[in-house]
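Sequence positions, counted from 1, serve as the residue numbers for this chain.
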Amino acid sequence: MDRLASKCAVITGAGSGIGRAAALQFAREGARLVLADHDGEAAERVAAETGGVAVRADVTQQDDMEKVAAAALERFGRIDALYANAGIAGGGSAHQITQAEWDKVIAVNLTGVWLSMRAVLPAMIEQQGGSIVTQASTGGLVGVAGIASYSAAKGGVIALTRQVAVEYGRNNIRANTICPGTVPTPLVTQTFRERGLDDGTLVDAARGYPLKRLGTPDEIAALALFLASDEAAWITGGTFTADGGYTAR
């Protein structure tokens, strides 16, 4: 298959979970990859699996994200796709969460997406084309108790992505958002355990989905691949749920 043949794709949060799954799928479809992660060793491992270029980068730092874009341009001469996948979990109700906790979640999950976009947009404008795929969440679409900062950040990602789709459509740049339901990535399972919940809680959570199971990293990555490819050439400004029917309940 060659849906991304000769295209350069930047993936943030590429060291594990959905980011790694996307890197593997993009590579199989011919993409030339730049893999960014705050864990440089994890990025290197995925680069070894995919033939990509690993860059240790913190998405909350403008200089780091500009370094990622520069690595893509130096190695491949262009940037055709961005999958702004990096994110962290965040708990706490609006009256309980500390400002430090709030600021951290907003910085990674919302500002990090903006800085990732900001870094790649000049190249996409110059070449008059590109696809930006952002990672939001069902938590940005429906109210969920106990995740005030996370919901605010993911709702912001949805709004920002729509705005970018409208503003840069004239440059043939597309922007779409994925809103996954619960996917038991290493980050999600670690977060559950940190909150004193065992793996059985994830099993219980699956019962709340019409399809009676949780998602997999590969299923979310497959949607990102489609949106990054030319198969989605007339799709922009969209918000796509991949949630086993959760938001349709």
Against Thr60, only a single residue in Val108, Ile106, Leu110 fulfils side chain to side chain contact (heavy atoms under 4.5 Å, CB included); can you say which? Val108

Show your reasoning for whether side-chain contact (heavy atoms from CB on, under 4.5 Å) applies to Ile125 and Ile173. CA-CA 8 Å; Ile125 292 168; Ile173 296 169; 3.9 Å; yes

Donor-acceptor pair, distance only, cut-off 3.5 Å: does the side chain of Glu231 make one with the backbone of Arg3? no

Qualifying residues under salt bridge (charged side-chain N to carboxylate O under 4.0 Å, His left out), relative to Glu66, sequence neighbours excluded: Arg118

Are Leu73 and Leu115 connected in a single hydrophobic cluster, I mean Ile/Leu/Val/Met/Phe/Trp/Tyr linked by side-chain heavy atoms less than 4.5 Å apart? yes

Pairs involving residues 97-111, ordered by first then second residue, that meet side-chain hydrogen bond (donor to acceptor under 3.5 Å, both in side chains) (sequence neighbours left out): Thr98-Glu101

Looking at every heavy atom in both Ala21 and Ala221, which two are closest together, and how far apart are they? C-CB, 3.7 Å

For Thr241 and Tyr246, which I'm curious about, is there any donor-acceptor pair between the side chains at under 3.5 Å? no

Enumerate, atom names and distances included, each donor-acceptor pair closer than 3.5 Å involving a side-chain atom of residues 144-155, sequence neighbours excluded.
residue : atom : partner : partner atom : Å
Ser151  : OG   : Gly139  : O            : 3.0
Ser151  : OG   : Ile147  : O            : 3.2
Lys154  : NZ   : Gln135  : O            : 3.2

Approximate separation, where rounding is to 0.5 Å, of Thr185 OG1 and Ile220 CD1: 10.5 Å

Nearest heavy-atom contact between Ala14 and Asp37 is N-OD2, 3.3 Å

For the residue pair Lys7 and Arg32, establish whether any side-chain heavy-atom pair is separated by less than 4.5 Å. no

Using the rule that two of Ile, Leu, Val, Met, Phe, Trp, Tyr join whenever any of their side-chain heavy atoms come within less than 4.5 Å, decide whether Val157 and Leu223 are in one cluster. no

Exercise: identify the closest heavy-atom pair between Ala57 and Ala36: CB-CB, 4.3 Å

Heavy-atom check, side chain of Met117 versus side chain of Leu160, under 4.5 Å: yes

Check whether any side-chain heavy atom of Tyr83 sits under 4.5 Å from a side-chain heavy atom of Thr134, and report yes or no. no

Are side-chain heavy atoms of Met65 and Val120 found at a separation under 4.5 Å? no

Validation row: Val68, Val34 side chains within 4.5 angstrom (heavy atoms): yes

Minimum side-chain heavy-atom gap Leu225-Leu4 below 4.5 Å: yes

Under a 4.5 Å side-chain heavy-atom rule over Ile, Leu, Val, Met, Phe, Trp and Tyr, are Phe226 and Leu82 clustered together? no

Over all heavy atoms of both residues, which pair between Ala27 and Leu33 is shortest? Give the atoms and the distance, please. CB-CD1, 3.9 Å

Do you know the tightest heavy-atom contact between Cys179 and Thr239? SG-CG2, 3.6 Å

Assess whether side-chain contact (heavy atoms from CB on, under 4.5 Å) is satisfied between Val59 and Asp64, documenting all intermediate values. CA-CA 7 Å; Val59 294; Asp64 278 12; over 6 Å; no

Residues which pass salt bridge (charged side-chain N to carboxylate O under 4.0 Å, His left out) with Asp243, listed by chain and number, not counting sequence neighbours: none

Say whether Leu121 and Val10 are linked into one hydrophobic cluster, either directly or through other cluster members, by side-chain heavy-atom distances under 4.5 angstrom. yes

Checking side-chain polar atoms at under 3.5 Å, does Gln163 have a donor or acceptor matched by the opposite partner on Glu167? yes

Starting at CG of Asp58, measure out to CG of Asp39 and round the result to the nearest 0.5 Å. 12.0 Å

Between the main-chain N or O of Gly129 and the side-chain N or O of Gln127, is there a donor-acceptor pair closer than 3.5 Å? yes

Do Tyr168 and Val113 belong to the same hydrophobic cluster, where Ile, Leu, Val, Met, Phe, Trp and Tyr are linked whenever their side-chain heavy atoms lie under 4.5 Å apart, directly or via other members? yes

Got Ile235 and Leu227 here, is their nearest side-chain heavy-atom distance under 4.5 Å? yes

Output for pair (Leu35 CG, Arg45 CZ), nearest 0.5 Å, gives 12.5 Å

Kindly check if the number of other-residue, nucleotide or ligand heavy atoms within 6.0 Å of CD (Gln128) is above 12? yes

Test log, rule side-chain contact (heavy atoms from CB on, under 4.5 Å), inputs Glu219 and Thr216: CA-CA 5 Å; Glu219 288 169 329; Thr216 69; 3.2 Å; yes

Could you report the tightest heavy-atom contact between Thr236 and Arg174, atom names first, then the distance? OG1-CA, 3.3 Å

Identify all side-chain donor-acceptor contacts of residues 46-56 below 3.5 Å with residues at least two apart in sequence or on another chain.
residue : atom : partner : partner atom : Å
Glu49   : OE1  : Arg20   : NE           : 3.0
Glu49   : OE2  : Arg20   : NH2          : 2.7
Thr50   : OG1  : Val46   : O            : 2.9
Thr50   : OG1  : Gly52   : N            : 3.3

Under 3.5 Å, which donor-acceptor pairs link side chains of residues 87-96 to any protein atom two or more places apart or in another chain?
none

Are Thr161 and Val133 packed together at the side-chain level, in the sense that at least one heavy-atom pair is separated by less than 4.5 angstrom? no

Look up atom CG in Asp80 and atom OG in Ser6, then write down how far apart they are to the nearest 0.5 Å. 9.0 Å

Would Thr177 and Phe240 satisfy side-chain contact (heavy atoms from CB on, under 4.5 Å), going step by step from the backbone distance to the final call? CA-CA 6 Å; Thr177 304; Phe240 296 86; over 6 Å; no

